[in-house]
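This report concerns only the one structure given below.
Here the structure is a predicted model, which is why all the values come from computation and not from measurement. As the structure lists them, so they are numbered: ligands from 1, and atoms in each ligand from 1.
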Amino acid sequence: MRRGIGFWRWLMPVMLIALFLAVLFWLPWQARQMEANERQEQLIADTLWVEQAVRFQLGRNEEALTLLGADLVAAGPALDRRAIAARLDQLQKNSHELLGITWLDASNHPLMRAGMALGALAPASQTAAEHARKTGRGRYSEPYRASQTQMDYHLPLADGTSLVATYKLSLILDETVPWWFAQDNAISLLGADDSVVALRAAAGPGRGVYTHKRELDLPGANLRLATDSIKSAPRLLPNLLVGSVVLLALGLLISLLALWRHIARRLAAEGALRQQMAFRTAMENSLVTGLRARDLEGRVTYVNPAFCQLVGLPPEELVGKAPPMPYWAPEAMAEYQQRFAAVLAGHITPQFETIFQRADGERVPVLIFEAPLVDSNGRQTGWMGSILDISDRKKAEELNRQQQEKLEASARLATMGEISSMLAHELNQPLAAISSYTTGALNLLGNARQSGQPVDAAQLLPALEKASAQAQRAGQIIRSVHQFVKQREPERQAVDLAQLVDGIGALIELQARKVFVAIQVDIAPGLPCVSADRIMLEQVLLNLTRNAIESMQQSPPERRVLRISAALQSGQVCVSVSDQGHGIADEVGERLFSPFFSTKAEGMGMGLSICRTAIEFHGGTLSYRANPEGGTIFSFTLPDHSNHTGDQHAAYRRRRGGDS
Ligand code: ADP
């Protein structure tokens, strides 16, 4: 189809050019033809003129001879021979073409003559003479050759004599043809068989291009006048014309070719451009990132479909708009205005987050990247912005945060729930003890009252002392649990590890006793205080000891030993919690500190993760190794309080919000 259209589009100009070239070539040919015709016609006219001149000359001679002949016949015997001779002479001298004039008697013997002597008549002349006498009219002989090519004119007279004029043929041409004609033409007289009998070629022979022949129509003589122009066929003008036509045609073809190549190149460039445009449009349309271009005044000059979709407005309502933009949310107007003023002043924030208001009023959180828009001359014409809808990211972040909070809360709650059930169980013991001691004391008092005897203080005191000790213990258990569960900001202080372990000893014991685990505490004497948050550190130790106790549930009773030790190692306080439990397999070890990793049916898998975060917050490290006696040793280091300077508060917060 395209081919067909191309063919017809080219047909017309090609035909026109062909026609133009044909006309260009035909014109000089026509001009040449016309010039040739003109020359030929000129030659014919001139030849006619010469013929007339020849005939006129011969005719004049005929008339003069006729007059003379009439006088001869009229004079008869009274002829004045001298006068006649004079007239003959004059006649012959006036006409240079005449070689001589002879008066012949009836038997062709000369009676008188002027000029050349005739002698015996040539056969051609003889025939003419006889014919003339027979018809009684003047007659020319066929040309014949004597001393030169000649021709006789016989005029019969009434008395039987005749006058004969002998012409030299070449002289006829010399005398009658004007010089200007002879200069341009070779003129000849042709005899019966087209043989040249006389020739005048003043300027050289003719070229045979322009020729003409005319009968001279002389009675008796078969003579023709032939002219042959020395001019050749017209050359200069046609050559010039042909030359210029060829040049023109060549120029035309070359310029057409150049034009064609130019068009082809343009078409190719246009094609490439179209393709690139299509590619770019497809790219812009398929982008999920919104694109927005603005001029230096802040007017929107371009938006892509993704941008329109983002703000819920068609391009017509966006392009050409100047701030305030239809997608600006009223509550953030001041922020937009401030940023726009900065843009006008030529300062952009390359990347920022803000909110847009969709056409339906919904708010969209967006991340915007802005860059200067530079044209092909390197001049800035505006700003280009790419806009990302970050609602999903924001939602995910929020969800993540909420989940993290929930998890931490539930981890705390799980520990708390566990502890509170154990607490209830364990508080039963001191409470039962208190109850029995007080019951004993009451019995003593009751007995004393009944018997009316005074109370024996020595008997009562130990029971009340024991009851008080049990009550204090119960209080301590409740306080430590309360502190553990309380949500609070970390707070550093100098912590004496021996005191700390002592403080949570009751809680650890509570768990240990459930599975019959013995506790060994080994704190090096004179250990310096560490700089730490007391509650966090307690949480770490409680978690590590809980894990250790749980690992030993299946161990033989004699091996159920939990050891808590602390010592100074190269300037740092190192705390270890060791057990002789089932130990940690390699595949478990790989994921040990990952949040929510647990091998326990009821496990949360948060314990170690929280421990590590807490230790790292204190600038220490938490690690584990296999216990040479079987089981596992978890240990962490803490900086000495006097050396501690840094504050890892921020790191801690980050971890709590991130991978914790
Ligand atoms: P949870 O105790 O809720 O499972 P943790 O993060 O405290 O969560 O512990 C993760 C896992 O590490 C445990 O499930 C257990 O398999 C393993 N683990 C922790 N401490 C010990 C230990 N002392 N001995 C053996 N395995 C342990």
Inset, instruction - Taking atom CD of Gln309 as the centre, report whether more than 12 heavy atoms of other residues, nucleotides or ligands fall under 6.0 Å from it. - result: no
Legend entry - Main-chain N/O of Leu464 paired with Ser468 side-chain donor or acceptor, under 3.5 Å: no
Inset, instruction - Run the numbers for me: atoms of ligand 1, each under 4.0 Å from some heavy atom of His582, listed by number. - result: 25 (C), 26 (N)
Inset, instruction - Please identify which atoms of ligand 1 are closer than 4.0 Å to at least one heavy atom of Phe634. - result: 20 (N), 21 (C), 22 (C), 23 (N)
Inset, instruction - Please indicate whether any nitrogen or oxygen in Leu608 is less than 3.5 Å from any nitrogen or oxygen in ligand 1. - result: yes
Legend entry - Which segment of Ile584 sits under 4.0 Å of ligand 1 when only heavy atoms are counted: side chain
Inset, instruction - For ligand 1, find out whether one of its N or O atoms is nearer than 3.5 Å to an N or O atom of Lys600. - result: yes
Legend entry - Atom pair CD1 (Ile387) and CZ (Phe356), whose distance is rounded to the nearest 0.5 Å: 5.5 Å
Inset, instruction - Kindly confirm or rule out an N or O of Ser598 lying under 3.5 angstrom from an N or O of ligand 1. - result: yes
Legend entry - Polar proximity ligand 1 side, Thr599 side, N/O cut 3.5 Å exclusive: yes
Inset, instruction - Consider ligand 1: state whether an atom of it lies below 4.0 angstrom from any non-hydrogen atom of Gly583. - result: yes
Legend entry - ligand 1 versus Tyr624: contacting region, heavy-atom distance under 4.0 Å: neither
Inset, instruction - Would you indicate which of Thr545, Asp579, Leu592, Ile633 comes nearest to atom 18 (N) of ligand 1 when only heavy atoms are counted? - result: Leu592
Legend entry - Arg625 side-chain N/O to Ser635 backbone N/O, donor-acceptor pair under 3.5 Å: no
Inset, instruction - Below 4.0 angstrom from a heavy atom of Thr632, which ligand 1 atoms are there? Numbered from 1 as shown, please. - result: 24 (N)
Inset, instruction - Starting at CZ of Phe617, measure out to CG of Leu537 and round the result to the nearest 0.5 Å. - result: 11.0 Å
Inset, instruction - For the pair Lys394 and Glu353, find out whether any cationic side-chain nitrogen is under 4.0 Å from an anionic carboxylate oxygen. - result: yes
Inset, instruction - Give a yes or no on whether a salt bridge exists between Glu370 and Arg339, defined as a side-chain N under 4.0 angstrom from a carboxylate O. - result: no
Inset, instruction - Check whether any side-chain heavy atom of Leu318 lies under 4.5 Å from a side-chain heavy atom of Tyr327, and answer yes or no. - result: yes
Legend entry - Phe593 heavy atom under 4.0 Å from ligand 1: no
